[in-house]
There are 2 protein chains.
Amino acid sequence: MLTGRRLVLVEDDALMGASLVQRLELEGARVQWLRQAGRALGALRSPQGHIDAVVCDIALPDGDGEALFAELSRTRPPRPFLFITGRGSIAQAVRLIQAGAGDYIEKPFAMDQFLARLVTLIAAADPPGEGEAWLGVSDLARRTERRVAEAGATERPVLISGEPGAGKGHLARGLHNASSRRLGPLVVHDASRPSGSALSDAIAEAADGTLYIAAVDRLDPEGEMALLELLDTPPACRLVFGGAPEGLEAVRPDLRDRLRRSEITVPPLSARPEDADWLMQRLFAGANARRSAPLSGITEAASAAVRAHGWPGGGRELRARVIRAVDAAEGPWLQATDLFPERVAEAPWRTLAEVRDEAERAQILAALDRSDGHPATAARLLGISRTTLWEKMQRLGL
Amino acid sequence: MLTGRRLVLVEDDALMGASLVQRLELEGARVQWLRQAGRALGALRSPQGHIDAVVCDIALPDGDGEALFAELSRTRPPRPFLFITGRGSIAQAVRLIQAGAGDYIEKPFAMDQFLARLVTLIAAADPPGEGEAWLGVSDLARRTERRVAEAGATERPVLISGEPGAGKGHLARGLHNASSRRLGPLVVHDASRPSGSALSDAIAEAADGTLYIAAVDRLDPEGEMALLELLDTPPACRLVFGGAPEGLEAVRPDLRDRLRRSEITVPPLSARPEDADWLMQRLFAGANARRSAPLSGITEAASAAVRAHGWPGGGRELRARVIRAVDAAEGPWLQATDLFPERVAEAPWRTLAEVRDEAERAQILAALDRSDGHPATAARLLGISRTTLWEKMQRLGL
DNA sequence: TAGACGCGTTCGGTTTTCCGAACAGGTCAG
DNA sequence: CTGACCTGTTCGGAAAACCGAACGCGTCTA
């Protein structure tokens, strides 16, 4: 029934949790069992792979499932949630279902019924399309790809917004190929490079194909006027725009809102670490084939380092790093130090306690910074109590 | 609150029914009270006119409300249902909400709360009509509307100042409709788009109607001169101006003071969050009606996010966001992330437990790497015991 | 001037983490 | 075949981490 499904179980009760895990694994699912809301928030916010559904208790020692769900849906579309609770109320059930949770069951329940509803829930949320991966394999990436493909079927102008190096150009090409104009040309016009040919030339060149105007947020005022006119009197070609979210804030409001009517936001690579890993594998395969003596592969540690890196430069940075690393690698495997040579400086081996303390210190300082030095809010940010923060600061000498 | 609304009440209990009818009619609704499921089925299947919502008890002498709802939705999407029940269960509530019923309340309930939820339900299903409230439902909006209507009664030129997207254009139309010239045309001239026709043409076109000059603060020097002249020798048409407060500071002083003689300032949307919510409800209803598979509604989190947002782009931004969100929504409910997709770009804040786990995971993998996969030596490298390493690997899923 | 609020600090109790001991295999050299 | 050595795993107790409650203190506000 659940063969190969990946589930997350959030449940503090040891007995209940164990029995659920046992039964779910019997059905073939891979289950990650989390006992605390804080942990669950982290695991669901930066998952190690695709998660099919979340089974979530409501009363938890450090919070409640409802808040967990609300926090998750604040920033990203949450995975389907199946809530299970002992002391639930009708009002709560209504609230949660209306908030977009998938289902809600009272304890105690019959295991068969629980499983049936879980299966229904997963089936309802299963992505219908497959298609080629342009962006990545994460939920966010697949969702974005699906939206781009849908937009390709229409004739409307589309704005693809995202950080530099997030893959906007790739998506524009994918959109073009998914549209009825795929036989026509795809012309790329970079608005941030005024030296290039005039916009009108690009329009003529695109003809019955697609015109992708990159960095539309960097247009000068005349360019903006021209674009407004272009949107009012559509040219022969299909229009697709690319731009950075912050840059778009500075565009004149009427044009911005016109563009935003069909905006597709590409989540940055840092929001989907699994894609960073996936992208590295692909880039590695390409670069490795060109080596005279191909490497055997990538170490686990290198993968972990890639997932943990923030990727401020997006896919472009990743690409540069992988190519350089494959070029410079010495051993038979691609090591983390090949990808991040700048870290060699701090090379001496450290024990687990040391790296843990350092990570904690850095995060505590960041939290204090973010909360203007208020310890109470910093502690809330960090998910620990005020006293624990104080204790840690004592220990770390802050 | 419910003025002019048509409601159907399905309730067998005489006391309860009477009290509900009394209160609902007090609020201005027209209520049709049915005591049997069979009757209700007929009345709802071939309604005598538009019905805004159905308030429905579950336990009925000749059937139950759930079956009634199911039977109705078998053929077409039913009107919004608000279920009220004394002997309800969580399972039933979940089932009904999942099936698309609007809301579900347990008896006994506080009448105020019941009314509030009924109003929300109706608003979410009711597309905006013409010529109703122009700005919103907040006190600020109401006051501004009153001032505009009063100004409409005079013949003087009026300056409507406010942020872009605050609703200046709507107010201008409202002013026109409230004036004695309502039978004449309303001509809009956008001063920020010089490409358009000349001002003199617009004056001629407006004739005995109203001329609305938008973005009057963006006029070029010649335009300012022309406008000064226009104010000295009033044309046949009524003059209304729109402009942004900061932009007006830069206008030449004599013209500015002339314009300011009868200025109405529109408070920005950010100053009246209730209006943002209200406006979203209306826009949502309109956009949702055009969907092939209408959404069930807006989640509470989405409402909260809308109220909290600063709306630098005013109503225009809100409109663009809602339309796009309804277009792109995937689940049965409109989520906060549909309205603010760019928020996935926000680097997710990590709790201390998360960064600690992340750091540990990376170091453990590095140690295993360095020790060729021998756990014992890796544990020694990390400065922990073999069992602890095993336990950590379990917990981190390695 | 009283109250609300946030901070530093201590304390007792609960939970988790960590470790060593132990046991059942598995491998490999002798 | 046998013993040395390693691994995966469980168990119980010691150590720590963590939390909430509480107290005194300064600061800010009504």
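Only this structure's heavy atoms are used, side chains among them; waters, hydrogens and symmetry mates stay out. Values in this document were obtained by computation on a predicted structure and should not be read as measured data. Lettering of chains follows the sequences in order, A, B, ..., and the numbering in each one begins at 1.
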- Message: Checking B:S161 against B:E263: is there a side-chain donor and acceptor pair closer than 3.5 Å?
- Response: yes
- Item | side chain to side chain contact (heavy atoms under 4.5 Å, CB included) between B:E300 and A:R95, intermediate numbers included | CA-CA 8 Å; B:E300 194 40 52; A:R95 207 163 50 232; 5.8 Å; no
- Calculate the interatomic distance between B:M393 atom CE and C:dC18 atom C1'; express it in whole Å. 17 Å
- Task: Compare every heavy atom of A:S303 with every heavy atom of A:Q281, then report the nearest pair and how far apart it is.
- Result: NE2-OG, 4.1 Å
- Item | Between D:dT9 (C1') and B:L389 (CG): distance, integer Å | 13 Å
- Query: Atom CD1 of B:I384 and atom C1' of C:dT16: how far apart are they, to the nearest Å?
  - Reply: 15 Å
- Query: How close or far is atom P of C:dT16 from atom CG of B:D357, stated in whole angstroms?
  - Reply: 14 Å
- Phosphate oxygens OP1/OP2 of D:dC19: is one of them under 4.0 Å from a side-chain N or O of A:S385? yes
- Mind telling me whether B:W311 and B:H309 have parallel, tilted or perpendicular rings, with 30° and 60° as the class edges? perpendicular
- Separation of C:dT16 C1' from B:E360 CD (nearest whole Å): 13 Å
- Message: Any salt bridge linking B:R142 with B:E145? Criterion: basic side-chain nitrogen under 4.0 Å from a carboxylate oxygen.
- Response: yes
- Residues B:A336 and B:T299: closest non-hydrogen pair is N-OG1, 4.3 Å
- Item | Whole-Å distance separating the CG atom of A:D12 from the C1' atom of C:dT14 | 14 Å
- Note on the structure: Here the side chain to side chain donor-acceptor pair (under 3.5 Å) pairs for residues 19-29 of chain A, sequence neighbours left out, are A:R23-A:E27
- Query: Could you run down nucleotides 21-29 of chain C 5' to 3' and tag each one B, S or - for protein heavy-atom contact under 4.0 Å?
  - Reply: BB-------
- Could you tell me whether A:R380 contacts a base, only the sugar-phosphate backbone, or nothing, with contacts defined as non-hydrogen atoms closer than 4.0 Å? nothing
- Separation of atom CZ in B:R395 from atom P in D:dG8, rounded to whole Å: 18 Å
Close N/O contacts between protein and nucleotides 3-6 of chain D (under 3.5 Å):
none

- Task: Taking all heavy atoms of B:T144 and all of B:L140, pick out the closest pair and write down the distance.
- Result: OG1-O, 2.8 Å
- For C:dC18, does OP1 or OP2 lie under 4.0 Å from any side-chain N or O of A:R356? yes
- Task: State whether a side-chain donor-acceptor pair under 3.5 Å links B:T351 with B:E354.
- Result: yes
- Task: Could you check how far CG of A:L352 sits from C1' of C:dT17, rounded to whole Å?
- Result: 12 Å
- Message: From C-beta outward on A:E391, which listed nucleotide comes closest to its side chain: C:dC18, C:dT9, D:dC18?
- Response: D:dC18
- Determine: side-chain N/O of B:W390 to OP1/OP2 of D:dG8, distance under 4.0 Å, yes or no. no
